[in-house]
There are 2 protein chains.
Amino acid sequence: MSSTKLDTRSRILEAAWKLMEDRLGQNVRMSDIAAEAGISRQALYLHFANRADLLIATTRYIDDVKGIDARLAASRTSASGIERLDAFIEAWGSYIPEIYGVARALLAVKDTDADAAEAWSQRMQAVREGCQAAIAALDSDNALSPEWTGDRAVDLLWTMLSVRNWEQLTQDCGWTAEEFVDYSKRQAKRNFVVVHN
Amino acid sequence: MSSTKLDTRSRILEAAWKLMEDRLGQNVRMSDIAAEAGISRQALYLHFANRADLLIATTRYIDDVKGIDARLAASRTSASGIERLDAFIEAWGSYIPEIYGVARALLAVKDTDADAAEAWSQRMQAVREGCQAAIAALDSDNALSPEWTGDRAVDLLWTMLSVRNWEQLTQDCGWTAEEFVDYSKRQAKRNFVVVHN
DNA sequence: TTCGTACTTGACATTATGTAAAGTAACCCG
DNA sequence: CGGGTTACTTTACATAATGTCAAGTACGAA
């Protein structure tokens, strides 16, 4: 029974996570999070300097709990470039729905908070590196379509897999998360993989 | 000299437009707009019910001044489906940079204001109809790649041409607006146009 | 001259974030 | 047992921006 009772910091992060998920990142005030965590609003500031800070910590917390690093790392063990591309898209694409609420909140404060902008940028840079690695793997298999420079291919894959793109296709166009992943895999192969014949 | 002196409403819209463009839609308060227009902050509320209302009116104003309707309509006169696709992408893709500041501000308030969300949605629906028309033109030319259902092709073209996509490629990846348009045209043809041989 | 329209001025309400300070309750250590 | 530290509560206040309200002014038209 080491962890039947979470410490306060974790309770706050759990509360923030839950509310962000329930409300898709909207209408989650500091006071709401405090109430959900069962503490006073002021106590939040004993653990986090400000709202942006708390949001950033929440994404890190989710990353830890969900083990995204391990999931993305797994995609790097694939044998061929094509398998690696598929595995990466699968890993990241199925992770997006799990962070969508917090991601949306973070994207919203990003406009007004430099720290949040930086935190978001770093996360997206990590995704970009995954894209980069997948494209490089294709290239070393001689499977990268010659019509792309590497950088352009990375820009494009990265944009295809952006949270905003996922948002538009699933929220506005009604695709399921699986359809997004399947489509992205197909499209990436069609775009980047050369057909040797 | 019918219009050397603009009426107040137009001066407000011009002021809002200028500031949104200068500051890319960020840090533009009602008081800033009032100051730029040379009137009191309260006078804004004599012309617009609230901030969202003013933003919406500003986009309509820009649309009128820039004549986007005419530009998009022109793409409908193209002879072939492929030319029509190209012309539509050209028209919309070169319009995005002209509205980016206001679009960004509108996207930001969209999260908290139902009217703004509705206004944005309507504009994007109009773009979607353009995508729809271009895909339909391809189809009636027998040039639509059979691997797509029409709806999926529209979803995809619409997402490729979203403001968020434009934003990521130009702001984060450093593409020029022209590169975005050229790439979009190439990519749309590659994706949607069947090769008859 | 008077009336109405458009704008100004100044005061205030609201909402959310964030700061500050004093009080309390539990717990550990000597 | 007693004193101090830690974590949290309570209450009060500062700030920024939007939006409301009401009284005052200036100017043009009938």
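Note that the structure is a prediction, hence the values are computed from the model and not measured. Side chains are part of it too, since the values below use all heavy atoms of this structure and drop only hydrogens, waters and symmetry mates.
Side-chain nitrogen and oxygen atoms of His47(A) include at least one within less than 4.0 Å of the OP1 or OP2 phosphate oxygen of dC8(D).
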Under 3.5 Å, which donor-acceptor pairs link side chains of residues 88-96 of chain A to any protein atom two or more places apart or in another chain?
{"from": "Glu90(A)", "atom 1": "OE1", "to": "Lys185(A)", "atom 2": "NZ", "distance (Å)": "2.5"}
{"from": "Trp92(A)", "atom 1": "NE1", "to": "Leu161(A)", "atom 2": "O", "distance (Å)": "2.9"}
{"from": "Ser94(A)", "atom 1": "OG", "to": "Glu90(A)", "atom 2": "O", "distance (Å)": "2.2"}
{"from": "Tyr95(A)", "atom 1": "OH", "to": "Asp63(A)", "atom 2": "OD1", "distance (Å)": "2.4"}

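Taking the nucleotide of DNA chain C with the nearest heavy atom to each of Leu46(B) and Ala49(A), the more 5' of the two is matched to Leu46(B).
Within the 3.5 Å criterion, the main-chain N or O of Ala37(A) finds a donor-acceptor partner in the side chain of Arg11(A). Checking side-chain atoms of Gln26(A) against main-chain N and O of Asp111(B) turns up a donor-acceptor pair under 3.5 Å.
Rounded to an integer number of Å, the gap from Leu54(A) CG to dT17(C) P is 10 Å. The distance between atom CZ of Arg11(A) and atom P of dA7(D), rounded to the nearest whole Å, is 14 Å. Between the CG atom of Leu44(B) and the P atom of dT18(D) there is a distance of 10 Å, given to the nearest Å. Spacing between atom CG of Asp53(B) and atom C1' of dG19(D) amounts to 13 Å, rounded to whole angstrom units. In this entry the distance linking CZ of Phe48(A) with C1' of dT17(C) reads 16 Å, nearest Å. Atom-to-atom, CG of Asn50(B) to C1' of dT14(C) comes out at 15 Å; the value is rounded to the nearest Å. Atoms CG (Leu55(B)) and P (dT18(D)) sit 10 Å apart, rounded to a whole Å. Computed from coordinates, the Ile33(A) CD1 to dG18(C) C1' distance equals 14 Å when rounded to whole Å.
Contact check of residues 107-117 of chain B against DNA chain C (heavy atom, cut-off under 4.0 Å) returns no residues at all. Residues of residues 23-32 of chain A having a heavy atom closer than 4.0 Å to DNA chain C, listed by number: Arg29(A), Met30(A).
Using a 3.5 Å distance cut-off with no hydrogens or angles, the side chains of Gln168(B) and Asp155(A) do not pair a donor with an acceptor. Between the side chains of Glu14(A) and Tyr61(A), at least one donor N or O sits under 3.5 Å from an acceptor N or O.
No side-chain heavy atom of Arg104(A) sits under 4.5 Å from any side-chain heavy atom of Met20(A).
Side-chain proximity of Ala43(A) to dC8(D), dT18(D), dC7(C): nearest is dC8(D). For Ser40(A), whose side chain is taken as the heavy atoms from C-beta onward, the closest listed nucleotide among dT18(D), dT10(D), dA6(C) is dT10(D).
For the pair Arg152(B) and Trp158(B), the cation does not sit on the ring face, since its NZ or CZ is not both under 6.0 Å from the ring centre and inside 45° of the axis.
Taking only distance into account, the side chain of Arg41(B) never meets the base of dG10(C) through a donor-acceptor pair shorter than 3.5 Å. Not a single donor-acceptor contact under 3.5 angstrom links the side-chain atoms of Gln42(B) to the base of dT9(C).
Remark: Asp151(A) CG is loosely packed, at most 12 non-hydrogen atoms of other residues, nucleotides or ligands lying under 6.0 Å away.
Ring planes of Trp166(A) and Tyr100(A): tilted class, angle from 30 to 60°.
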